[in-house]
There are 2 protein chains.
Amino acid sequence: MPELIAEDDLAAVSTLRASVMRLARRLRHQQVEHSLSSAEIQVLGRLERAGHATPTELARAEDVQPPSMTRIIAMLEDKGLVRREPHPQDRRQVVVTATEPAAQILAESRRMRDAWLAGLIEEVTEEEWAAVRAAVPVLERIASCAPRARR
Amino acid sequence: MPELIAEDDLAAVSTLRASVMRLARRLRHQQVEHSLSSAEIQVLGRLERAGHATPTELARAEDVQPPSMTRIIAMLEDKGLVRREPHPQDRRQVVVTATEPAAQILAESRRMRDAWLAGLIEEVTEEEWAAVRAAVPVLERIASCAPRARR
DNA sequence: TATTGTTATACTCTATAACTATA
DNA sequence: TATAGTTATAGAGTATAACAATA
């Protein structure tokens, strides 16, 4: 990106922000998986990808405060979806791991929300969908990159 | 979009969903400034575009229940950002209008979150940004289109 | 003394149910 | 009888502050 952002780049950023906010709100509503909150599913997904993590790592990764993560983990543990184990070296820390039922629930939850989003996407043309597809990997990078990182 | 969705279309949908959710969460955090909630800013923005609207119209447009919209409007009225006036024909209805200070606050709020998002986007290449730009109008349509509408 | 995690507490946002007033 | 809006109340989710255990 250029250092100086053009006028209609700004407009695109603004529209992107508004659309992302709105889509996310509707996706959150779509999460008919009654027993699991959005944050719980995010954490479960992260644990599935990473294998295991400590509460502090999870809190940083999910942009929530440690006490909030404690609560999320407690909920997941109550539902039998994660295990909390002592860290082998550092006894202050806790290692959180997803259990096998978690994988099934995660897959089902993703399937439902993907289906909802796919339903929306059916309304666009082939070319429009091609444009979105091309942008998806970039959006993924933007969504997961650190905001403080300056060149 | 084709009726039958291919395997990697599904993967793209899934990644899109996850990225949108994550970006939105981080954008929400970015808006700590004005003591205006995400929903309040959304409503204000909609009023600015539409000129005026009734609480029920706003509730439907923002996917919240009427009592929630009552509260959002009350907050905005307390802050002097909207006016509530009786509907000229139907005395059951209320017409909500944004005041002049709202425009300034709205512009400032957008500027801050746009700047944050633009900061993230500075990290991508020209080609990547071009891909996102091409997708923005489509995402906007997807975000605002009715999910029930079947062809 | 710093760090990891937790508990206690309060706040924000939203929803459901019940009510008022118009139509 | 139906609709627009509100009030009352409850629930989910998160944050800050204070604390315990360990490094």
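Here the structure is a predicted model, which means the values were calculated and not measured. Residue numbering restarts at 1 for every chain, and letters A, B, ... go by the order of the sequence lines.
- By the 4.0 Å N-to-carboxylate-O rule, A:R46 lies close enough to A:E62 to be salt-bridged with it.
- A:R141 has a carboxylate O that lies under 4.0 Å from a charged side-chain N of B:E128, or vice versa, which qualifies the two as a salt bridge.
- For B:E62 and C:dC13, the CD to P distance is 14 Å, given to the nearest whole Å.
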Kindly determine whether A:I105 and A:I41 satisfy side-chain contact (heavy atoms from CB on, under 4.5 Å), including the steps that lead there. CA-CA 9 Å; A:I105 288 185; A:I41 288 177; 6.0 Å; no

Could you walk me through whether B:W129 and A:D9 pass side-chain contact (heavy atoms from CB on, under 4.5 Å), step by step? CA-CA 9 Å; B:W129 173 232; A:D9 281 335; 3.0 Å; yes

Any N/O pairs under 3.5 Å between the protein and nucleotides 21-23 of chain D? List them or say none.
residue : atom : partner : partner atom : Å
D:dA23  : OP1  : A:R91   : N            : 2.9

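- D:dA12 atom C1' lies 15 Å from atom CD1 of A:I41, rounded to whole Å.
- One finds the CG atom of B:L47 at 9.0 Å from the CZ atom of B:R49 (value rounded to the nearest 0.5 Å).
- Look at CD1 on B:I73: it is 15 Å from P on C:dC13, rounded to the nearest Å.
- For the pair B:T56 and D:dG5, the criterion of a side-chain N or O lying under 4.0 Å from OP1 or OP2 is met.
- Contact check, A:S37 against D:dG13: a side-chain N or O comes under 4.0 Å of OP1 or OP2.
- Look at CD on B:E57: it is 14 Å from C1' on D:dT3, rounded to the nearest Å.
- Nearest to the side chain of B:A39, among C:dG5, D:dA15, C:dT14, sits C:dT14.
- Between the CZ atom of B:R71 and the P atom of D:dT7 there is a distance of 12 Å, rounded to whole Å.
- Of the candidates D:dT14, C:dA15, D:dT16, C:dA15 carries the atom nearest the B:Q65 side chain, counting heavy atoms from C-beta on.
- Rounded to whole Å, the distance from CE on B:M69 to P on C:dT14 is 8 Å.
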Are B:L23 and B:L117 close enough, and set up right, to give a side-chain contact (heavy atoms from CB on, under 4.5 Å), and what steps lead you there? CA-CA 9 Å; B:L23 250 187; B:L117 187 53; 4.1 Å; yes

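- Two residues, A:I72 and B:R60, neighbour DNA chain D, and the one matched to the more 5' nucleotide by heavy-atom proximity is B:R60.
- Atom P of nucleotide C:dT12 and atom CD of B:E40 are separated by 11 Å, given to the nearest angstrom.
- In this structure, CE in A:M69 is found 10.5 Å from CD in A:Q65, a value given to the nearest 0.5 Å.
- Within 4.0 Å of B:A74, counting heavy atoms only, lies no atom of the nucleic acid at all.
- Backbone-only contact: B:P55 has heavy atoms under 4.0 Å from sugar-phosphate atoms and none from a base.
- For the pair A:D63 CG and D:dG13 C1', the interatomic distance rounds to 15 Å; values are reported in whole Å.
- An OP1 or OP2 oxygen of D:dA15 is reached within less than 4.0 angstrom by a side-chain nitrogen or oxygen of A:S68.
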